[in-house]
Amino acid sequence: MNRRPLLRGIAPELLLRAAETIKLLGHPERLKIVEALEEEPRSVSELCRICGLDQPICSQHLCRLRRHGVVVAKRRGQHVVYRVVDAKVSHILSCIRTCDARRSA
């Protein structure tokens with residue numbers, strides 16, 4: 001009998017980084033934030049309004065996303081504007097949308 005290996009040989013470092021990203025995005029409020037940022041860069045106040053979050057909570061989530069390298073911040077006048085820089089995030093959101101579309105069909 002021809003047995004195939006269970007794993008496809010994904011490097012352990014990649015598995016670790018992927019698990020960290022998935023864990024980070026495993027919070028519904030962080031998913032809302034990155035989805036809003038996927039459309040365009042936004043300030044904290046815009047994100048609070050769009051996502052229905054209080055400013056301190058939104059800022060805490062953004063801090064975690066920034067530390068993990070998912071988003072970057074840039075000062076524009078008096079505001080700090082965030083944008084997604086991790087391409088995996090858009091792919092993860094796309095997978096979520098695809099799964100939801102299949103479930104709804």
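- Residues R83 and V72 are in side-chain contact: their nearest non-hydrogen atoms beyond the backbone lie under 4.5 Å apart.
- The side-chain heavy atoms of E38 and L93, taken from C-beta on, include a pair separated by under 4.5 Å.
- Closest non-hydrogen pair, P41 versus E46, comes out as O-OE1, 4.4 Å.
- Among residues two or more places apart in sequence or in another chain, the side-chain contact (heavy atoms from CB on, under 4.5 Å) test is passed with E40 by R42.
- Remark: R76 engages V81 in a side-chain contact (heavy atoms from CB on, under 4.5 Å) (not counting sequence neighbours).
- The salt bridge (charged side-chain N to carboxylate O under 4.0 Å, His left out) search around E35 returns R97, not counting sequence neighbours.
- A continuous path of ILVMFWY side-chain contacts below 4.5 Å connects L37 to V80, so both sit in one hydrophobic cluster.
- Under a hydrophobic clustering in which Ile, Leu, Val, Met, Phe, Trp and Tyr are joined whenever their side-chain heavy atoms come within less than 4.5 Å, directly or via other members, V70 and I22 fall into different clusters.
- L25 pairs by the side-chain contact (heavy atoms from CB on, under 4.5 Å) definition with T21, L31, V34, L65, V89, I92, not counting sequence neighbours.
- Applying the salt bridge (charged side-chain N to carboxylate O under 4.0 Å, His left out) test to every pair with at least one member in residues 12-23, sequence neighbours left out, gives no pairs at all.
- Counting heavy atoms from C-beta on, the side chains of Y82 and K74 never come closer than 4.5 Å.
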Donor-acceptor list for residues 48-61 side chains, cut-off 3.5 Å, not counting sequence neighbours:
from, atom 1, to, atom 2, distance (Å)
Q55, NE2, S59, OG, 2.6
S59, OG, Q55, O, 3.1
H61, ND1, R30, NH1, 2.9
H61, NE2, E29, OE1, 2.8

